[in-house]
Amino acid sequence: MELRYSPADIETKWQQYWADHKLNKTPEGITNGSQTEGSPKNAKKFYALSMFPYPSGDLHMGHVRNYTITDVIARVRRMQGYQVLHPMGWDAFGLPAENAAIKRGVPPADWTLKNISQMREQLKALGLSYDWDREVATCLPNYYRWTQWIFLQFFEAGLAYQKEAAVNWDPIDQTVLANEQVDSEGRSWRSGAKVERKLLRQWFFKITAYAEQLLNDLDQLSGWPERVKTMQANWIGKSTGAQVTFKTEAGEDLVIYTTRPDTLWGATFMVLAPEHPLVASLTSATQADLIEAYQAAAANLSTIDRTAEGREKTGVWTGGYAVNPVNGEKIPVWVADYVMMDYGTGAIMAVPAHDQRDFEFARKFDLPIKAVVQPEDEAAGEAAGEAASETIAEDKMTAAYLHDGVMVHSGPLNGVASGKGEGESVQRAIAYLEEKSLGHGTTNYRLRDWLVSRQRYWGAPIPIIHCPHCGTVPVPEKDLPVKLPENVEFSGKGASPLAKVEDWVNVSCPSCGAAAKRETDTMDTFLDSSWYFLRYADANNEEAVFSSERVNSWLPVDQYVGGIEHAILHLLYSRFFTKVLRDRNLLNFDEPFQRLLTQGMVQAITYKNAEGQFIMPQDITDLNSPTDPVTGERLQVSFEKMSKSKFNGVPPSEVLAKYGADTARMFILFKAPPEKDLEWDDADVEGQFRFLNRVWRAVAGFAQSDSVSLVKQIKDIQSQSLSKEDKALRKATHTAIKEITEDIEGDYQFNTAVSELMKLSNALNDAKNKTTLAFAEGICTLVLLIAPFAPHIADELWSHLGEGSVHQQPWPSVDNTALVADEITLVVQIMGKTRGTLQVPAAADKAALERYARESEVAQRYLEGKEIKKVIVVPGKLVNFVAV
RNA sequence: GGGGGCGUGGCGGAAUGGUAGACGCUGCGGAUUUAAAAUCCGUUGACUGUAAAAGUCGUGGGGGUUCAAGUCCCCCCGCCCCCA
C-alpha cells in the first residue's frame, strides 16, 4: 500500500468498482402477492433527492454543494440499512438550447444531449452515488410523452384552459411568462429583461382552485424552513373581506371587494381598474376622451409599475356616480391604474381616511376624506403617531389612520371596536351586509392562474388540436407523444418556430377528421420539473406515467435539497401537481417533499473599483492590499456568488484535478453549515487535503503493521478491561460515532460532523500505543465514518482493513459503556464565576462532589473569610458556592 | 410599513441555561532539511502583570430574570431576505 495519498490513482478506480458492482442500484423488492418489484415495502425506505440541473454543459460549485449534501445523506442511510432511492436527471428543455441553435445552427436536441453526457461525466467524477438506471431527461420523447399525458389530465379535469389576457411578455426571450417568473422589479427570472404587457390568448393552469389547500397544507410541512413556507403563504396571499354591491346611476350592479367592509361608511369615492367592463357605461360624454387616453396608457404598464409604492397616483373621473348601499350616499366613480382588474372584482370603494393609497389619491385630486375609526383615547392616538387630539381631524391628516380604535359615523357599527377579531367591526359589518342582502363575506387570493404556454420550440408541445368544427380537441392518448419536428428554422423572432412547420401543424381532427391545426405553443419548462420526482420511482415505465404503487411506496421524498431561488416557483408548482394527481387517483399523498433543505450559495472573493466594476484577480499586484491596476485606488473586497462576470468562479474540474473529489466534498461540507452561504477559500481546501493525508497516513501505517490482524477481534472489545489510555481512546471513538450520527440525523450539521472526524483522527494520531485493540477499533471506525463524506479514500483504505466495499458495511453503533468515564472534570465556581477545575471520580454523589469542591485549593483560597450562603451542585458538572 | 432571519477572536464557524471560542484557516516561534516543499511540535480574544503566577474585561448596545445568560424576557442599533 502506498504511504502517500494520491487521489488521482484511486478515485476513478473506485467509481468503476461501484458501477461494476452496482452498489448504487435502487433495491428491488420481490414480486409476490403484496409486493411489487422495485417498491420498498418491508425495509425502511429513504428517498434522497437533489433538484435536477439544467444541462448547461458545465457543473458549477453550487451543483457540487447541492449534490454532495444529498449524497452524504443517501450514503449514510444505505449504511444504516435503508432502501435508498437516489436518482439524477436533467431539466433539459429550455431556452439556452434554442439560442444555441439560433446562434450556431446546432439542433437543440444535439446541443442538449451533448451537454448532458458531458455533465454526467462530471457528476460521476464527484463520486456521487446515483442509480443511473433511473436517469430521466425531460426533453426525451419517453419523458415528455407523459408530461403531455399529464397536461391532458389537467385538461380533462377542467384545470387547463385558454383565455385572452394581458400577460407578461419577455422581449428578449420572445415569450410570455407566468407571474411567479417575474421578479419584484418587473424583470424576467431568466433574461432579466423588463417585461411588457401584451394581450394574448394563452393556456393557463387553474392553480387558484388549489390556493386554499396549497396554503393550509403548509402546516404539514414541519420539515421545511419557516421562511420558505412564509414566502409561499405570502405569494398565495389569502385575504378575507367582503364583496359589496353598489348601484350605478343607471341601476347596474357595481361589485367591489374590500378587506375592510367596516369602513363602508367612510367611502367617499370609488375606483375602477382601467379595464373594468363598467367603465364605458359610467363614463360621461365630456370625460370620454380623457378616460380612453388613460386606458390606453395603463395598458402598457406592468402590474409592478402600477402598484409600486410611492409612485405618484394617477386617475381620471368617469363623470359617473354610484350609490353606497349602506347609507345611500352618491359618490363619484374614478378610474385609476392602482386598481387591478384581476384582483378582487377590479373595483374598490375608496376610504381615504383609512387606506394609504386611497388617501394619497384623495389628496392629489382633492376628494373628501371621512374618518370612521377614531383612536380610543388620546394615548392611543399619540402612540400611533397620529393626531394627538382625541378625534382625527380630516383636514389635518397627513396619512391614513390605520390603527385600531372605535367606529364612528357608521350607523349600526357606532361604538364597536375596530378590528378583525370576534365581535369586532369587520365581522359585525359582514353580518350586517348579509342580513340586508347588500353583500357577503368572501375570501380573496393574490395567487393567479399559472400561464403555461410558451412561444418557443424547445419544450413539450401542448397536445391539443384546434378544429374549425370541434374546437379545442385533445390529442388522443394513443397518439402521444406529439413529437417535436426536426426540420425547423430558428429565427428567435415572432411566433413559435413550430407555427412555420406546415407538415407538422396541419393535421386532421381526431374527432371529426376535418382539416385542423396543432397548437404551436409549447409548455413552460416548469411543468416538466413539476413531476420528475414521481417518475424516478418508475423511470423506465413505457406503459404508463408511473405505477401508482411504486410512487406511493417511494414517495414522498424524504429529503429534498436545492436552492432557495425555487422557494416559490418550482416548489409551489410541484405541490400543485401532486395535489391534482392525487385527485386524479394517481397517487395517495398530499405533499411531495417531506423535508426540504435550502442550501446556501457558494461565494468567492471579488474585487470592485469605485465605479462598481469587477477587477480580475490576475490584474491585481498585491491581493492582500488590492488596488486598481489603472487608477491605483484601493479596491473594495467582498464575497459574492461565483460567476464569470465577477471573475470569481472556481471550476470544479480544477479542484478535482488538483485535490480530488474527496477533498472537494469534505471542504464544501466543512466550510459552512449547509443552509448558509459558503465562502470559497483555497487555503481551507488545502487544509482539507492535509486532513485526508493525515487519515491516509494513519490508516496506511496501521494497515502495514502487524496490528492489522487485530481488526478481526474488534467485536470482542470491552471497555472495562482496558487501560486508562485505551479507555480514553475508545471513548473518543464512540463519541465520534454518537456525534456524527446525531449531526446527520438531526439538522444536517455536516460542518460539525467533519470536525468530529478530525477530532477522532487527532485522538488516533496522539495515541501512544498504536498496537492495541482500541486503536484498531478507532482506525476502522474512522474509515467507516468518513465513508459517506469521502467515499473514494474510504473504500481504498477499507480494502486494506476489511472485506468488500466500505459502503456495504453497517454504520457503526455506539457502545454506551465506552462513553462512561471514570473521572470527570468538576468545575468549581464562586458566585457563578469559574475559579478552577478538578478531576473527581465520576461516581461521586452530590455530597461527595460538594466535599471535593469545598476541599479544593481554589475554593479554600476564594472562600477564606467568607460565609457560604448556598451551594449549588450540578452532578457531573459543577459546584457553585454563593458566599459573601 | 408588515413578515422572516442574523449579529460570537484576524477569518470560517462551535457551544441540552453550567469552563465561551470546539474543529479548521491564517499569523507567529521552533524541529527536520545543504535549501525548499512536505511533515512534526508549540503558540495564537483583548488588557494588566510576572521569575513562575495570577487577575480584569469580553458573544452589536442598554436593562432584567437566575446561584449561573452567547443562550430566557424587555427596549434599542445594524445587516440580509421576502412581501407590500
Side-chain angles (χ1 to χ4, degrees), chain A residues 3-5 183-184 225-237 239 303-304 306-311 338 343 355-357 384-385 399-400 402-403 446 564-565 567-568 598 600-601 603 605 624 637 639 666-691 693-694 696-697 735-736 739-740 742-743 746 749-763 765-766 824-838 858 861-862 868-884:
Chain A
L3 272 168
R4 214 182 132 74
Y5 169 49
D183 71 15
S184 60
E226 214 46 54
R227 64 177 185 140
V228 174
K229 290 193 276 185
T230 310
M231 282 164 75
Q232 292 216 353
N234 282 342
W235 185 260
I236 294 166
S239 74
T303 307
I304 310 295
R306 284 170 59 168
T307 55
E309 194 179 14
R311 174 173 167 259
Y338 74 92
Y343 185 80
D355 181 285
Q356 186 58 28
R357 287 173 308 178
L402 306 172
H403 306 279
R446 211 179 76 93
I564 187 76
E565 65 273 17
I568 296 172
T598 49
M601 288 185 291
Q603 303 180 315
I605 201 160
N624 292 318
V637 176
F639 277 89
M666 291 285 286
F667 162 77
I668 275 184
L669 294 165
F670 178 63
K671 181 70 184 176
E675 68 283 358
K676 285 191 70 172
D677 289 345
L678 180 153
E679 295 176 359
W680 191 269
D681 180 353
D682 290 331
D684 283 325
V685 180
E686 195 79 48
Q688 277 308 316
F689 186 62
R690 279 205 293 269
F691 170 62
N693 271 286
R694 276 199 296 277
W696 178 278
R697 281 196 303 272
T735 303
E739 295 296 326
I740 293 170
E742 285 175 4
D743 281 346
Q749 304 292 330
F750 302 112
N751 54 331
T752 51
V754 173
S755 79
E756 292 297 332
L757 288 169
M758 292 171 168
K759 284 184 199 170
L760 176 55
S761 163
N762 290 345
N765 281 329
D766 292 345
I824 57 155
T825 304
L826 185 71
V827 173
V828 180
Q829 294 187 336
I830 316 294
M831 297 298 287
K833 280 195 198 312
T834 300
R835 292 301 180 181
T837 61
L838 51 151
V858 265
R861 184 148 52 90
Y862 277 92
I868 298 173
K869 294 266 193 211
K870 196 174 171 187
V871 183
I872 289 112
V873 181
V874 183
K877 284 251 161 63
L878 61 80
V879 176
N880 184 13
F881 295 100
V882 184
V884 282

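Letters go in sequence order (proteins before strands), and every chain restarts at 1.
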>> With a 4.0 Å limit, can you tell me whether A:Asn762 has a side-chain N or O closer than that to the phosphate oxygens OP1/OP2 of B:rC23?
In response: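 Checking A:Asn762 against B:rC23: no side-chain N or O falls below 4.0 Å of OP1 or OP2.
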Excluding sequence neighbours, so at least two apart, what forms side chain to side chain contact (heavy atoms under 4.5 Å, CB included) with [X]?
| X | value |
| --- | --- |
| A:Met758 | A:Phe670, A:Gln688, A:Phe691, A:Val754 |
| A:Tyr862 | A:Ile830, A:Arg835 |
| A:Asp682 | A:Trp680 |
| A:Glu686 | A:Tyr659, A:Arg690 |

Give me, pair by pair, the N or O atoms of the protein and of nucleotides 36-42 of chain B that are less than 3.5 Å apart, along with how far apart they are.
from: B:rU39; atom 1: O3'; to: A:Arg697; atom 2: NH2; distance (Å): 3.2
from: B:rC40; atom 1: OP1; to: A:Arg697; atom 2: NH2; distance (Å): 3.4

Apply side chain to side chain donor-acceptor pair (under 3.5 Å) to [X] and list each qualifying residue two or more places apart in sequence or on a separate chain.
| X | answer |
| --- | --- |
| A:Thr598 | none |
| A:Asp355 | none |
| A:Gln356 | A:Glu360 |

>> Could you tell me how far B:rA69 sits from B:rC79 if I compare only their P atoms? Round to whole Å.
In response: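 Between the two P atoms, the distance is 30 Å.
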> Quantified in whole Å, what is the C1' atom distance between nucleotide B:rG9 and nucleotide B:rC47?
Replying inline: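 Here B:rG9 and B:rC47 have their C1' atoms 14 Å from each other.
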>> Measure CD/A:Gln356 against C1'/B:rG2 and give the value in whole Å, please.
In response: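 Nearest whole value for this atom pair: 14 Å.
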> Of the residues in residues 874-881 of chain A, which ones touch RNA chain B at a heavy-atom distance under 4.0 Å?
Replying inline: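 Residues of residues 874-881 of chain A that come under 4.0 Å of RNA chain B are, in numerical order, A:Val874, A:Lys877, A:Leu878, A:Asn880.
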Under 4.0 Å, heavy atoms only, any strand: does [X] hit a base, just the sugar-phosphate, or nothing?
| X | answer |
| --- | --- |
| A:Lys676 | sugar-phosphate |
| A:Thr837 | base |
| A:Gln829 | base |
| A:Pro673 | sugar-phosphate |

> ring pair (Phe, Tyr, Trp, His ring centres under 6.0 Å) with A:Tyr5: which residues, sequence neighbours excluded?
Replying inline: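 Listed in chain order: A:Phe689, A:Trp696.
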> Who pairs with A:Tyr343 by ring pair (Phe, Tyr, Trp, His ring centres under 6.0 Å), at least two apart in sequence or on another chain?
Replying inline: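 With neighbours one apart ignored, the set is empty.
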> For nucleotides 49-57 of chain B, read 5' to 3', which letter fits each nucleotide if B means a protein heavy atom sits under 4.0 Å from the base, S means only the sugar-phosphate is that close, and - means neither?
Replying inline: -----SSS-
> So which nucleotide does B:rA22 pair with, by the Watson-Crick or G-U wobble rule with both distances under 3.5 Å?
Replying inline: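 Partner of B:rA22: none.
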> At what distance, to the nearest 0.5 angstrom, does NZ of A:Lys671 lie from CG of A:Leu678?
Replying inline: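 The CG atom of A:Leu678 is 7.0 Å from NZ of A:Lys671, to the nearest 0.5 Å.
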> Which pair of non-hydrogen atoms, one from A:Ile824 and one from A:Gly876, has the smallest distance, and what is that distance?
Replying inline: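 That closest heavy-atom pairing would be CD1-CA, 3.5 Å.
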> When the nearest nucleotide of RNA chain B is assigned to A:Met231 and to A:Asp677 on a heavy-atom basis, which residue is associated with the more 5' position?
Replying inline: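 That would be A:Asp677.
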